[in-house]
A.B. asks: 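Could you have a look at this structure, given as C-alpha coordinates, before my questions?
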Amino acid sequence: MASVSSQPQFRYTQPPSKVLHLRNLPWECTEEELIELGKPFGKVVNTKCNVGANRNQAFIEFADLNQAIAMISYYASSSEPAQVRGKTVYLQYSNRQEIVNNKTTADIAGNVLLVTIEGQDARLVSIDVLHLVFSAFGFVHKITTFEKTAGFQALVQFSDSETATSAKNALDGRIIPRYLLSDNVAPCTLKITYSAHTDLSVKFQSHRSRDYTNPYLPVAPSAIDGSNQFSLGLDGKKLEPESNVLLASIENMQYAVTLDVLHMVFSAFGPVQKIAMFDKNGALQALIQYPDVQTAIVAKEALEGHCIYDGGFCKLHLSYSRHTDLSIKLNNDRSRDYTIANPAMVTPQPSALGQQPVQTMGQAGHQYNGTQYTAPGMGQPMMPPQPSAGWGTSAVPAVPQSMPVQMINHNPYVPPASMPQMSHGMMQMPPGQSGVPPPASTMPYFRPNHM
DNA sequence: AGCACA
(Lines give C-alpha, C1' and ligand atoms only; values in the text may rest on other atoms or scores of the structure.)
Protein backbone atom coordinates (compact mmCIF):
# COMPACT_ATOMS: atom_id res chain seq x y z
CA MET A 1 0.00 0.00 0.00
CA ALA A 2 1.31 3.35 -0.93
CA SER A 3 0.85 4.88 2.39
CA VAL A 4 1.08 8.32 3.83
CA SER A 5 4.42 8.98 5.33
CA SER A 6 4.71 8.39 9.01
CA GLN A 7 6.47 11.74 9.23
CA PRO A 8 3.74 14.22 8.48
CA GLN A 9 6.17 17.13 8.16
CA PHE A 10 7.93 15.61 5.19
CA ARG A 11 5.12 14.29 3.13
CA TYR A 12 5.35 15.18 -0.51
CA THR A 13 1.82 16.33 -0.59
CA GLN A 14 -0.08 18.18 2.03
CA PRO A 15 -3.81 18.21 2.32
CA PRO A 16 -5.04 21.49 0.93
CA SER A 17 -5.37 24.44 3.23
CA LYS A 18 -6.13 28.05 2.60
CA VAL A 19 -2.90 28.68 4.45
CA LEU A 20 0.28 28.31 2.43
CA HIS A 21 3.68 27.74 3.90
CA LEU A 22 6.53 29.55 2.15
CA ARG A 23 10.21 28.90 2.62
CA ASN A 24 13.49 30.14 1.28
CA LEU A 25 12.31 33.69 1.50
CA PRO A 26 14.77 36.57 1.39
CA TRP A 27 15.84 38.07 4.66
CA GLU A 28 13.23 40.19 6.35
CA CYS A 29 10.60 39.67 3.74
CA THR A 30 7.71 42.01 4.41
CA GLU A 31 4.04 41.44 4.72
CA GLU A 32 3.54 43.64 1.65
CA GLU A 33 5.72 41.36 -0.45
CA LEU A 34 3.72 38.35 0.63
CA ILE A 35 0.48 40.06 -0.24
CA GLU A 36 1.88 41.00 -3.66
CA LEU A 37 2.82 37.41 -4.26
CA GLY A 38 -0.56 36.00 -3.34
CA LYS A 39 -2.80 38.72 -4.72
CA PRO A 40 -3.03 37.36 -8.28
CA PHE A 41 -4.71 34.24 -6.95
CA GLY A 42 -7.16 35.63 -4.49
CA LYS A 43 -7.69 37.67 -1.42
CA VAL A 44 -4.90 37.44 1.09
CA VAL A 45 -6.52 37.82 4.48
CA ASN A 46 -3.55 37.26 6.69
CA THR A 47 0.19 36.76 6.57
CA LYS A 48 2.97 35.95 8.91
CA CYS A 49 6.53 36.59 7.93
CA ASN A 50 9.98 36.09 9.39
CA VAL A 51 9.02 32.71 10.73
CA GLY A 52 11.42 30.00 11.79
CA ALA A 53 14.89 30.03 13.19
CA ASN A 54 16.26 31.69 10.08
CA ARG A 55 13.27 33.97 9.81
CA ASN A 56 13.03 33.05 6.16
CA GLN A 57 9.71 31.27 6.19
CA ALA A 58 6.24 32.70 6.01
CA PHE A 59 2.56 31.96 5.79
CA ILE A 60 -0.09 33.35 3.52
CA GLU A 61 -3.72 32.81 4.30
CA PHE A 62 -6.30 33.22 1.56
CA ALA A 63 -9.94 34.02 2.08
CA ASP A 64 -10.89 30.88 0.23
CA LEU A 65 -9.40 27.43 -0.10
CA ASN A 66 -9.77 27.56 -3.90
CA GLN A 67 -7.52 30.59 -4.05
CA ALA A 68 -4.80 28.73 -2.21
CA ILE A 69 -5.26 25.79 -4.55
CA ALA A 70 -5.03 28.15 -7.53
CA MET A 71 -1.70 29.47 -6.35
CA ILE A 72 -0.22 26.05 -5.62
CA SER A 73 -1.49 24.70 -8.94
CA TYR A 74 -0.12 27.62 -10.88
CA TYR A 75 3.38 27.35 -9.53
CA ALA A 76 3.31 23.54 -9.72
CA SER A 77 3.14 23.77 -13.48
CA SER A 78 4.78 27.12 -14.08
CA SER A 79 8.19 27.37 -15.63
CA GLU A 80 8.80 30.45 -13.53
CA PRO A 81 9.03 29.70 -9.84
CA ALA A 82 7.43 31.95 -7.31
CA GLN A 83 9.90 34.69 -6.45
CA VAL A 84 10.36 37.42 -3.94
CA ARG A 85 13.03 39.98 -4.77
CA GLY A 86 14.32 37.63 -7.39
CA LYS A 87 14.73 34.78 -4.96
CA THR A 88 12.87 31.56 -5.56
CA VAL A 89 10.46 30.73 -2.81
CA TYR A 90 8.94 27.31 -2.26
CA LEU A 91 5.26 26.95 -1.57
CA GLN A 92 3.14 24.25 -0.09
CA TYR A 93 -0.07 23.91 1.81
CA SER A 94 0.44 24.56 5.44
CA ASN A 95 -0.40 21.84 7.87
CA ARG A 96 -2.58 24.35 9.68
CA GLN A 97 -5.89 25.72 8.60
CA GLU A 98 -5.41 29.28 9.70
CA ILE A 99 -2.70 31.69 10.64
CA VAL A 100 -2.55 32.31 14.32
CA ASN A 101 -1.24 35.78 14.82
CA ASN A 102 0.02 36.08 18.28
CA LYS A 103 0.25 39.78 17.96
CA THR A 104 -1.15 41.46 20.98
CA THR A 105 -1.89 45.13 21.13
CA ALA A 106 1.54 45.47 22.69
CA ASP A 107 3.06 44.59 19.32
CA ILE A 108 1.07 46.96 17.19
CA ALA A 109 2.87 50.23 16.77
CA GLY A 110 0.97 53.23 17.99
CA ASN A 111 1.69 56.76 19.06
CA VAL A 112 1.21 55.99 22.73
CA LEU A 113 3.71 53.98 24.71
CA LEU A 114 3.01 51.99 27.82
CA VAL A 115 6.03 52.43 30.04
CA THR A 116 6.65 50.30 33.07
CA ILE A 117 9.21 51.73 35.43
CA GLU A 118 10.93 48.92 37.25
CA GLY A 119 13.12 49.19 40.27
CA GLN A 120 13.03 49.59 43.99
CA ASP A 121 12.33 53.30 43.75
CA ALA A 122 10.25 53.34 40.58
CA ARG A 123 7.56 55.35 42.33
CA LEU A 124 10.01 58.14 43.01
CA VAL A 125 10.48 58.80 39.30
CA SER A 126 8.63 61.99 38.63
CA ILE A 127 6.53 62.70 35.62
CA ASP A 128 8.97 65.49 34.79
CA VAL A 129 11.86 63.09 34.59
CA LEU A 130 9.84 60.87 32.28
CA HIS A 131 9.01 63.90 30.20
CA LEU A 132 12.68 64.75 29.86
CA VAL A 133 13.64 61.23 28.94
CA PHE A 134 11.01 60.85 26.25
CA SER A 135 11.32 64.35 24.89
CA ALA A 136 14.61 63.29 23.38
CA PHE A 137 12.64 61.65 20.58
CA GLY A 138 10.05 64.23 19.78
CA PHE A 139 7.37 66.37 21.24
CA VAL A 140 5.65 64.58 24.07
CA HIS A 141 1.98 65.49 24.01
CA LYS A 142 0.76 63.92 27.19
CA ILE A 143 1.84 61.69 30.02
CA THR A 144 -0.28 59.87 32.53
CA THR A 145 1.06 57.74 35.33
CA PHE A 146 -0.65 55.10 37.41
CA GLU A 147 -0.10 52.15 39.68
CA LYS A 148 -1.05 48.73 38.48
CA THR A 149 -0.16 45.26 39.54
CA ALA A 150 2.66 45.57 37.04
CA GLY A 151 4.01 48.36 39.20
CA PHE A 152 4.49 51.98 38.39
CA GLN A 153 3.47 52.68 34.82
CA ALA A 154 3.09 55.60 32.50
CA LEU A 155 1.44 56.24 29.19
CA VAL A 156 3.48 58.55 27.00
CA GLN A 157 1.79 60.07 24.00
CA PHE A 158 3.67 61.20 20.90
CA SER A 159 2.26 62.70 17.72
CA ASP A 160 2.76 59.57 15.69
CA SER A 161 3.80 55.97 15.92
CA GLU A 162 7.11 56.62 14.17
CA THR A 163 8.24 58.92 16.93
CA ALA A 164 6.90 56.55 19.53
CA THR A 165 8.74 53.69 17.89
CA SER A 166 12.04 55.54 17.88
CA ALA A 167 11.62 56.21 21.58
CA LYS A 168 10.62 52.63 22.26
CA ASN A 169 13.55 51.21 20.34
CA ALA A 170 16.02 53.45 22.05
CA LEU A 171 14.71 53.23 25.59
CA ASP A 172 13.14 49.82 26.06
CA GLY A 173 15.12 47.86 28.61
CA ARG A 174 17.35 50.82 29.40
CA ILE A 175 17.61 52.53 32.70
CA ILE A 176 16.77 56.12 33.45
CA PRO A 177 20.03 58.08 33.41
CA ARG A 178 21.45 58.40 36.88
CA TYR A 179 21.88 62.12 36.67
CA LEU A 180 18.16 62.60 36.27
CA LEU A 181 17.53 60.95 39.59
CA SER A 182 18.67 61.70 43.06
CA ASP A 183 21.77 59.84 44.12
CA ASN A 184 19.89 57.75 46.62
CA VAL A 185 17.33 56.50 44.13
CA ALA A 186 17.93 52.94 42.98
CA PRO A 187 18.27 52.36 39.23
CA CYS A 188 15.00 52.35 37.33
CA THR A 189 14.58 50.26 34.21
CA LEU A 190 12.12 51.19 31.50
CA LYS A 191 10.06 48.44 29.90
CA ILE A 192 8.14 49.74 26.96
CA THR A 193 5.34 48.35 24.85
CA TYR A 194 2.80 50.02 22.64
CA SER A 195 -0.46 51.04 24.14
CA ALA A 196 -3.73 50.68 22.31
CA HIS A 197 -4.55 54.26 23.24
CA THR A 198 -4.19 56.99 20.66
CA ASP A 199 -5.18 60.02 22.67
CA LEU A 200 -4.91 60.22 26.41
CA SER A 201 -7.45 62.10 28.39
CA VAL A 202 -5.76 64.52 30.74
CA LYS A 203 -8.14 66.68 32.77
CA PHE A 204 -5.63 68.41 34.98
CA GLN A 205 -1.96 69.07 35.21
CA SER A 206 -1.07 67.10 38.25
CA HIS A 207 1.55 64.92 39.81
CA ARG A 208 0.14 61.99 37.84
CA SER A 209 -0.75 63.46 34.50
CA ARG A 210 0.36 66.22 32.18
CA ASP A 211 -0.86 67.62 28.91
CA TYR A 212 2.03 69.47 27.31
CA THR A 213 -0.11 70.60 24.40
CA ASN A 214 -2.25 72.66 26.71
CA PRO A 215 -0.30 74.64 29.26
CA TYR A 216 -3.44 76.46 30.29
CA LEU A 217 -5.08 73.30 31.49
CA PRO A 218 -6.05 73.82 35.11
CA VAL A 219 -3.70 72.49 37.68
CA ALA A 220 -5.35 69.92 39.85
CA PRO A 221 -6.10 71.27 43.31
CA SER A 222 -4.48 68.21 44.76
CA ALA A 223 -1.30 69.18 43.02
CA ILE A 224 -1.17 72.62 44.54
CA ASP A 225 -2.10 72.25 48.15
CA GLY A 226 1.13 70.54 49.03
CA SER A 227 -0.59 67.88 51.05
CA ASN A 228 0.25 65.00 48.77
CA GLN A 229 3.19 63.40 47.08
CA PHE A 230 3.40 66.22 44.59
CA SER A 231 5.27 68.17 47.19
CA LEU A 232 7.73 65.37 47.71
CA GLY A 233 10.93 65.31 45.78
CA LEU A 234 12.57 62.27 44.34
CA ASP A 235 14.34 61.81 47.59
CA GLY A 236 11.13 62.15 49.51
CA LYS A 237 12.09 65.50 50.93
CA LYS A 238 9.67 68.35 51.03
CA LEU A 239 10.05 70.82 48.24
CA GLU A 240 9.29 74.46 48.31
CA PRO A 241 6.03 75.27 46.59
CA GLU A 242 6.39 75.34 42.86
CA SER A 243 6.38 78.63 41.09
CA ASN A 244 6.67 80.04 37.63
CA VAL A 245 9.67 82.00 38.87
CA LEU A 246 12.94 80.22 39.49
CA LEU A 247 15.68 81.44 41.77
CA ALA A 248 19.05 80.53 40.32
CA SER A 249 22.28 80.80 42.21
CA ILE A 250 25.47 80.26 40.35
CA GLU A 251 28.35 78.43 41.92
CA ASN A 252 31.95 78.44 40.79
CA MET A 253 31.44 81.37 38.53
CA GLN A 254 34.73 81.40 36.67
CA TYR A 255 33.23 82.96 33.60
CA ALA A 256 30.89 85.81 33.08
CA VAL A 257 27.27 84.84 33.26
CA THR A 258 25.35 87.57 31.58
CA LEU A 259 21.70 88.24 31.26
CA ASP A 260 21.83 86.98 27.71
CA VAL A 261 23.53 83.76 28.69
CA LEU A 262 20.84 83.10 31.25
CA HIS A 263 18.17 84.00 28.77
CA MET A 264 19.55 81.57 26.24
CA VAL A 265 19.91 78.75 28.72
CA PHE A 266 16.46 79.11 30.23
CA SER A 267 14.71 79.78 26.92
CA ALA A 268 15.27 76.17 25.96
CA PHE A 269 12.27 75.24 28.04
CA GLY A 270 9.82 77.89 27.06
CA PRO A 271 9.58 81.62 26.74
CA VAL A 272 11.41 83.54 29.43
CA GLN A 273 9.36 86.55 30.44
CA LYS A 274 11.68 88.32 32.81
CA ILE A 275 15.08 87.98 34.37
CA ALA A 276 16.49 89.86 37.30
CA MET A 277 20.07 89.37 38.44
CA PHE A 278 21.52 90.42 41.75
CA ASP A 279 24.32 89.67 44.15
CA LYS A 280 23.68 87.86 47.35
CA ASN A 281 26.49 87.23 49.81
CA GLY A 282 28.96 87.76 47.02
CA ALA A 283 27.40 85.13 44.77
CA LEU A 284 25.39 85.81 41.69
CA GLN A 285 21.72 85.00 41.82
CA ALA A 286 18.98 85.47 39.31
CA LEU A 287 15.24 85.23 39.18
CA ILE A 288 13.88 83.79 35.97
CA GLN A 289 10.20 84.13 35.21
CA TYR A 290 8.22 81.82 32.95
CA PRO A 291 4.59 82.23 32.01
CA ASP A 292 3.60 79.14 33.89
CA VAL A 293 4.63 76.78 36.60
CA GLN A 294 4.94 73.77 34.30
CA THR A 295 7.67 75.32 32.25
CA ALA A 296 9.54 76.33 35.36
CA ILE A 297 9.26 72.82 36.73
CA VAL A 298 10.69 71.32 33.58
CA ALA A 299 13.50 73.87 33.44
CA LYS A 300 14.35 73.28 37.06
CA GLU A 301 14.36 69.51 36.63
CA ALA A 302 16.61 69.76 33.65
CA LEU A 303 19.06 72.35 34.85
CA GLU A 304 19.43 71.81 38.56
CA GLY A 305 23.01 71.08 39.42
CA HIS A 306 24.18 71.39 35.86
CA CYS A 307 26.87 73.70 34.61
CA ILE A 308 26.53 76.42 32.05
CA TYR A 309 30.10 75.88 30.95
CA ASP A 310 32.07 72.72 30.61
CA GLY A 311 34.52 71.91 33.34
CA GLY A 312 32.20 72.44 36.26
CA PHE A 313 32.04 76.18 35.82
CA CYS A 314 28.97 78.21 36.64
CA LYS A 315 27.01 75.46 38.25
CA LEU A 316 23.34 76.22 38.57
CA HIS A 317 21.32 75.71 41.71
CA LEU A 318 17.65 76.27 41.27
CA SER A 319 14.77 76.68 43.62
CA TYR A 320 11.29 78.03 43.30
CA SER A 321 10.93 81.65 44.13
CA ARG A 322 8.03 83.01 46.11
CA HIS A 323 7.61 85.59 43.39
CA THR A 324 5.09 85.07 40.65
CA ASP A 325 5.60 88.27 38.72
CA LEU A 326 8.85 90.14 38.81
CA SER A 327 8.80 93.86 38.79
CA ILE A 328 11.41 95.05 36.33
CA LYS A 329 11.84 98.76 36.77
CA LEU A 330 14.24 99.23 33.93
CA ASN A 331 16.00 97.08 31.44
CA ASN A 332 19.71 97.02 31.92
CA ASP A 333 22.46 94.43 32.00
CA ARG A 334 21.10 92.96 35.23
CA SER A 335 17.41 92.83 34.57
CA ARG A 336 15.10 92.66 31.64
CA ASP A 337 11.46 92.31 30.80
CA TYR A 338 11.25 90.31 27.58
CA THR A 339 7.52 90.75 27.33
CA ILE A 340 7.90 94.38 26.44
CA ALA A 341 8.74 94.70 22.81
CA ASN A 342 10.83 97.80 22.77
CA PRO A 343 13.53 97.96 20.18
CA ALA A 344 15.39 100.45 22.27
CA MET A 345 15.89 97.77 24.84
CA VAL A 346 17.65 95.51 22.47
CA THR A 347 20.83 97.46 22.79
CA PRO A 348 23.19 94.80 23.96
CA GLN A 349 25.97 95.27 26.34
CA PRO A 350 29.21 95.89 24.52
CA SER A 351 30.82 92.80 25.86
CA ALA A 352 28.85 89.64 25.88
CA LEU A 353 26.83 88.11 23.11
CA GLY A 354 26.80 91.19 21.06
CA GLN A 355 25.38 89.43 18.06
CA GLN A 356 22.89 87.28 19.83
CA PRO A 357 20.25 89.11 21.78
CA VAL A 358 18.14 90.26 18.89
CA GLN A 359 17.28 86.74 18.01
CA THR A 360 16.42 85.72 21.51
CA MET A 361 14.28 88.78 21.86
CA GLY A 362 12.14 87.36 19.15
CA GLN A 363 10.25 85.26 21.61
CA ALA A 364 9.32 88.23 23.66
CA GLY A 365 5.67 88.58 24.27
CA HIS A 366 4.72 85.52 22.34
CA GLN A 367 2.06 83.36 23.79
CA TYR A 368 3.21 80.13 25.16
CA ASN A 369 1.24 77.57 23.31
CA GLY A 370 1.51 73.98 22.41
CA THR A 371 2.89 74.36 18.98
CA GLN A 372 5.50 76.84 19.95
CA TYR A 373 6.65 75.01 22.94
CA THR A 374 9.92 73.31 22.40
CA ALA A 375 10.46 70.21 24.35
CA PRO A 376 13.53 70.37 26.47
CA GLY A 377 16.45 69.02 24.68
CA MET A 378 14.84 69.36 21.35
CA GLY A 379 14.73 72.89 20.52
CA GLN A 380 16.20 76.15 20.76
CA PRO A 381 19.23 77.49 22.40
CA MET A 382 20.25 75.52 25.40
CA MET A 383 23.55 75.89 23.68
CA PRO A 384 26.23 77.43 25.71
CA PRO A 385 27.17 80.89 24.67
CA GLN A 386 29.26 81.37 21.63
CA PRO A 387 32.95 81.02 22.22
CA SER A 388 33.40 84.71 21.86
CA ALA A 389 30.70 85.44 24.28
CA GLY A 390 31.34 84.14 27.72
CA TRP A 391 34.95 85.05 27.84
CA GLY A 392 37.68 86.62 25.87
CA THR A 393 36.39 89.89 27.04
CA SER A 394 36.98 91.31 30.42
CA ALA A 395 38.63 89.72 33.34
CA VAL A 396 38.50 86.13 32.30
CA PRO A 397 41.96 84.70 31.90
CA ALA A 398 42.97 83.25 28.59
CA VAL A 399 41.05 80.11 27.83
CA PRO A 400 42.58 77.30 25.83
CA GLN A 401 41.31 77.33 22.30
CA SER A 402 39.89 73.86 22.65
CA MET A 403 37.52 74.83 25.36
CA PRO A 404 34.85 76.49 23.33
CA VAL A 405 34.70 73.65 20.87
CA GLN A 406 34.43 71.10 23.59
CA MET A 407 31.79 73.18 25.14
CA ILE A 408 29.73 73.49 22.01
CA ASN A 409 29.78 69.81 21.36
CA HIS A 410 28.98 69.07 24.87
CA ASN A 411 25.45 68.43 25.72
CA PRO A 412 24.65 71.13 28.15
CA TYR A 413 22.15 69.05 30.04
CA VAL A 414 24.83 66.78 31.22
CA PRO A 415 27.01 67.88 34.02
CA PRO A 416 30.44 67.37 32.53
CA ALA A 417 31.52 65.27 35.42
CA SER A 418 28.82 62.78 34.73
CA MET A 419 29.74 62.09 31.15
CA PRO A 420 32.27 59.35 31.77
CA GLN A 421 29.97 57.40 34.00
CA MET A 422 27.32 57.63 31.38
CA SER A 423 29.38 56.06 28.71
CA HIS A 424 29.78 52.81 30.51
CA GLY A 425 26.40 53.34 31.71
CA MET A 426 22.94 52.97 31.55
CA MET A 427 21.30 54.31 28.57
CA GLN A 428 23.40 53.02 25.78
CA MET A 429 22.54 55.19 22.91
CA PRO A 430 23.65 54.90 19.36
CA PRO A 431 26.90 56.60 18.48
CA GLY A 432 26.74 60.30 18.55
CA GLN A 433 24.13 60.37 21.21
CA SER A 434 24.74 60.85 24.80
CA GLY A 435 22.08 59.57 27.06
CA VAL A 436 20.29 62.83 27.08
CA PRO A 437 18.24 64.73 24.65
CA PRO A 438 20.65 66.75 22.63
CA PRO A 439 19.32 69.82 20.94
CA ALA A 440 17.26 69.14 17.88
CA SER A 441 19.64 71.07 15.74
CA THR A 442 22.36 68.57 16.33
CA MET A 443 20.41 65.41 16.80
CA PRO A 444 18.17 63.79 14.31
CA TYR A 445 15.56 61.67 15.94
CA PHE A 446 16.87 58.23 16.43
CA ARG A 447 15.87 56.05 13.55
CA PRO A 448 17.37 52.61 13.81
CA ASN A 449 18.23 50.76 10.66
CA HIS A 450 17.93 53.84 8.56
CA MET A 451 20.56 55.63 6.69
C1' DA B 1 14.40 24.55 1.47
C1' DG B 2 10.41 21.62 5.20
C1' DC B 3 5.44 24.83 9.64
C1' DA B 4 4.67 29.84 13.82
C1' DC B 5 6.57 29.57 21.01
C1' DA B 6 2.24 32.39 22.64
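Please read all numbers here as calculations on a predicted model, not as lab measurements. Below, chain A is the first sequence line, B the second, and so on; all start at residue 1.
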A.B. asks: Closest nucleotide of DNA chain B for A:N102 versus for A:Y93: which of these residues is on the 5' side?
C.D. replies: A:Y93

A.B. asks: Please state how far atom CG in A:L20 lies from atom P in B:dA4, giving the value in whole angstrom units.
C.D. replies: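 Between P of B:dA4 and CG of A:L20: 16 Å.
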
A.B. asks: Does anything in residues 136-155 of chain A form a side-chain hydrogen bond (donor to acceptor under 3.5 Å, both in side chains)? List the pairs, not counting sequence neighbours.
C.D. replies: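 Every pair satisfying side-chain hydrogen bond (donor to acceptor under 3.5 Å, both in side chains) with a residue in residues 136-155 of chain A: A:T116-A:Q153, A:R123-A:E147, A:H141-A:S159, A:K142-A:D199.
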
A.B. asks: When you measure from the side-chain N and O atoms of A:R23 to the phosphate of B:dC3, is any distance below 4.0 Å, counting only OP1 and OP2?
C.D. replies: no

A.B. asks: Applying salt bridge (charged side-chain N to carboxylate O under 4.0 Å, His left out) to A:K300 and A:D128, what does each step give before you reach the verdict?
C.D. replies: CA-CA 10 Å; A:K300 180 173 181 294; A:D128 300 302; over 6 Å; no

A.B. asks: Nearest whole Å is fine: how far is B:dA1 P from A:H21 NE2?
C.D. replies: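 For the pair A:H21 NE2 and B:dA1 P, the rounded distance is 13 Å.
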
A.B. asks: Rounded to whole angstrom units, what separation is found between the CH2 atom of A:W27 and the P atom of B:dA1?
C.D. replies: 15 Å

A.B. asks: May I ask you to say whether A:R178 pairs ionically with A:D183, meaning some side-chain N is under 4.0 Å from a carboxylate O?
C.D. replies: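 Judged by the 4.0 Å cut-off on N to carboxylate O distance, A:R178 and A:D183 do not form a salt bridge.
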
A.B. asks: Between A:N24 (CG) and B:dG2 (P), how many Å, whole number?
C.D. replies: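 Distance check: A:N24 CG to B:dG2 P gives 8 Å.
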
A.B. asks: Can A:Y90 be said to stack with the base of B:dG2, given centres closer than 5.5 angstrom and planes under 30 degrees apart?
C.D. replies: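 No, the aromatic ring of A:Y90 does not stack with the base.
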
A.B. asks: Report the relative orientation of the aromatic rings in A:Y74 and A:F41; use parallel for angles under 30°, tilted for 30 to 60°, perpendicular for over 60°.
C.D. replies: tilted

A.B. asks: Please name the residue in the list A:T47, A:L37, A:L22, A:V84 that meets the side chain to side chain contact (heavy atoms under 4.5 Å, CB included) test with A:C29.
C.D. replies: A:V84

A.B. asks: Remember a base hit wins even if backbone is also touched, and classify A:E61 as base, sugar-phosphate or nothing at under 4.0 Å, heavy atoms.
C.D. replies: nothing

A.B. asks: Whole angstroms only, please: what is the CG-P distance between A:L22 and B:dG2?
C.D. replies: 12 Å

A.B. asks: In this structure, how many angstroms lie between the P atom of B:dA1 and the CD atom of A:Q14, rounded?
C.D. replies: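 Roughly 18 Å, once rounded to whole Å.
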
A.B. asks: We want to know whether A:H317 and A:E251 form a side-chain donor-acceptor pair, criterion being a heavy-atom distance below 3.5 angstrom.
C.D. replies: yes

A.B. asks: Please state how far atom CG in A:N95 lies from atom P in B:dG2, giving the value in whole angstrom units.
C.D. replies: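 Answer to the nearest Å: 14 Å.
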
A.B. asks: Using 30° and 60° as the class limits, which term best fits the ring planes of A:H263 and A:Y338: parallel, tilted or perpendicular?
C.D. replies: parallel

A.B. asks: Which of residues 46-57 of chain A sit near DNA chain B, with a heavy atom under 4.0 Å from it?
C.D. replies: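 Listed by number, they are A:K48, A:V51, A:Q57.
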
A.B. asks: Given atom CG of A:D107 and atom C1' of B:dA6, what is their separation to the nearest angstrom?
C.D. replies: 10 Å

